[in-house]
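Counting begins at 1 with the first residue of the sequence.
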Amino acid sequence: ICAQHLRQAGYSVVVIEKSRGAGGRVATRRLHNTRADHGIRYLEPQGEMVQQLIEIMCDRNLLQLWTETVSDFGSKSSHSLLNRYVSAAGMNSIGKFLATHLEIWFSRRVIALTPTNSKTWHLTLEVLGDSEHPAELTAAAVVVAIPAPQALMLLTTTKGLTSEFIDKLRSVEYDPCITVMAGYSPERHQDLATQDLEWKAISFPNDSYLAWIGLDSSKRQESQQPVFVVQSSASFAENYLEVPDLQQAGKQLLERAGEHLMPWLSTPEWLQVHRWRYAFCQNPLPVSCLTSTNPPPLVCAGDWCNGNQIEGALNSGVAAASWVNSTIANNPLPNFNFILRSL
C-alpha cells in the first residue's frame, strides 16, 4: 500500500521481498493438487479501508463471501455474526492484487542499511534465489514494512537511529502460531455430509493447544478432498519456536482436534506444518508509523502500529507514504480508494 501510494505520486519505487511471492502472512500454499490458506484466514470488514478493499476485490470476482459465523467450541452461540470473505484462488490473491504494477525484487533480503555522505541509503542485499536483480541498491528513503522484531534485528546497528527509536521497536511483541494443513481421503466428504457439519470454522478460546480450525476446502468448489487448516494457541507455539522438525507439533494439534471434533482428524493422508514466529501483535505502538527524523528518511510501518490488525496495517502503509512524501517533494498523493481502483 505504501509503495502504491508513492508510485502513484510519481516516485521511483522498488519493493525488496525476501519471499518468492507478495503478501507475507496473506499466505497460500500449493500442495497435493490443491491449495491451503495457512496465514490470514479471511477478510472481515473491520474498518473503512478493509471494507473498501473487500468491495473492490469482490467487484473483480477476486473475493467472495465464505461464512457469516465462526463458532466458539463448547458454546451454543456463534463467535460473531459478521461476513467473512475469502478467495477461491487462495488468500495470497490479495497480495498479488495489491502488488499490481509494482517493481518487486523477489528472493532478496536486506541485510544492512548504511547512510551515505550524499544523504541517501545504501542497501546491501542477500540473494536467496535466482534473480537478475543486483545485490545492492541506493535509495533516497527507506520504508521498513516488516514485523517490529525483524526490523529491530536489521536496524539495531544502523547508524543515525536514536536509542529512543530502537527502544520503541524493542517494546513491540508478537504471539507465535503453528499452522497445520491436512488433507483427508475423498471419502471423508461423505462423513462430513453424514455428520451434518454446520460450521466452516470454529475457534477455541480456552484450549491450551488449539486456537482455530477451518474447513479450508469449503473455500474451493473444485476441491477433491477435505482439507482442514488448524492453527495453534500462542502457548503451544512457544514450545516449538526453535524446533527444526515441526511434524510432531502438527500431529499433536491434529490429535487434539480429533479429540474435540471428529476422531479421523488425527489421521490425515498428508500434512504440512508452518511456523509463524510473528503471527499476532500484542502490544502495538500508539502511532501510525515510526519515523526517523535524521537524514536520510527512514520509516517503519506495519500491523504493529496503532493495532487493529489488517486495518491498522493498511492505515500504517498510507501514513508511511505520506511521511516519506513530506520529506522529499510533497507531491499530491492519491487517496486509498483511488489507489485500489487503479490496480
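- Note: Trp66 and Tyr42 have tilted aromatic rings, judged against thresholds of 30 and 60 degrees for the angle between ring planes.
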Could you walk me through whether Ser288 and Trp323 pass the side chain to side chain contact (heavy atoms under 4.5 Å, CB included) test, one step at a time?
-> CA-CA 10 Å; Ser288 57; Trp323 183 83; over 6 Å; no

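- A salt bridge between Glu164 and Lys168 is present, with a side-chain N of the basic residue lying under 4.0 Å from a carboxylate O of the acidic one.
- Separation of atoms CG (Leu271) and CG (Leu31) is listed at 10.0 Å; rounding is to 0.5 Å.
- Using modelled atom types, no side-chain atom of Arg109 and backbone atom of Leu128 make a donor-acceptor pair closer than 3.5 Å.
- Crowding of Gln64 atom CD: a count of heavy atoms from other residues, nucleotides or ligands under 6.0 Å exceeding 12.
- Under the 3.5 Å distance criterion, with hydrogens and angles disregarded, a donor-acceptor pair is assigned to the side chains of His260 and Asp207.
- The cluster map of Ile, Leu, Val, Met, Phe, Trp and Tyr, joined by side-chain heavy atoms under 4.5 Å apart, puts Val50 and Ile1 in the same cluster.
- A 6.0 Å sphere centred on CD of Gln282 holds more than 12 heavy atoms belonging to other residues, nucleotides or ligands.
- No continuous path of ILVMFWY side-chain contacts below 4.5 Å connects Val143 to Val110, so the two sit in separate hydrophobic clusters.
- Note on Leu298 and Ile146: same hydrophobic cluster, where clusters join Ile, Leu, Val, Met, Phe, Trp and Tyr whose side-chain heavy atoms are under 4.5 Å apart, directly or indirectly.
- A donor-acceptor contact shorter than 3.5 Å is absent between the side chain of Thr120 and the backbone of Thr138.
- By the criterion of side-chain heavy atoms lying less than 4.5 angstrom apart, applied directly or through intervening Ile, Leu, Val, Met, Phe, Trp or Tyr residues, Val70 is grouped together with Leu63 in one hydrophobic cluster.
- Counting only N and O atoms by type, the side chains of Trp105 and Glu103 include a donor and acceptor under 3.5 Å apart.
- A distance of 12.5 Å separates CH2 in Trp276 from OG in Ser232, rounded to the nearest 0.5 Å.
- In this structure, Arg60 places its CZ atom where more than 12 heavy-atom neighbours from other residues, nucleotides or ligands lie under 6.0 Å away.
- A salt bridge does not link Asp216 with Arg29: every distance from a Lys NZ or Arg NE/NH1/NH2 to an Asp or Glu carboxylate oxygen is 4.0 Å or more.
- A 6.0 Å sphere centred on CD of Glu222 holds more than 12 heavy atoms belonging to other residues, nucleotides or ligands.
- Distance check, rounded to the nearest 0.5 Å: OG of Ser87 to CZ of Arg220 gives 7.5 Å.
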I would like to know whether Leu53 and Ile94 meet side chain to side chain contact (heavy atoms under 4.5 Å, CB included); could you show each step before the answer?
-> CA-CA 9 Å; Leu53 177 60; Ile94 300 169; 4.2 Å; yes

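- Distance check, rounded to the nearest 0.5 Å: OH of Tyr85 to CG of Leu62 gives 14.5 Å.
- Considering CG of Leu253 and OH of Tyr209, their distance stands at 8.5 Å, rounded to 0.5 Å.
- Environment of CG in Asn33: sparse, with no more than 12 heavy atoms of neighbouring residues, nucleotides or ligands closer than 6.0 Å.
- Within the 3.5 Å criterion, the main-chain N or O of Met49 finds a donor-acceptor partner in the side chain of Glu311.
- Within the 4.5 Å cutoff, side-chain heavy atoms of Cys300 are placed close to those of Leu155.
- Using the six-membered ring where Trp is involved, His38 and His274 have ring planes that are perpendicular, over 60° apart on the 30 and 60° scheme.
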Evaluation steps, side chain to side chain contact (heavy atoms under 4.5 Å, CB included), between Ser316 and Cys289 | CA-CA 6 Å; Ser316 184; Cys289 58; 4.2 Å; yes

List the steps and the verdict of side chain to side chain contact (heavy atoms under 4.5 Å, CB included) for Val127 and Arg108.
-> CA-CA 5 Å; Val127 181; Arg108 287 286 189 273; 3.0 Å; yes

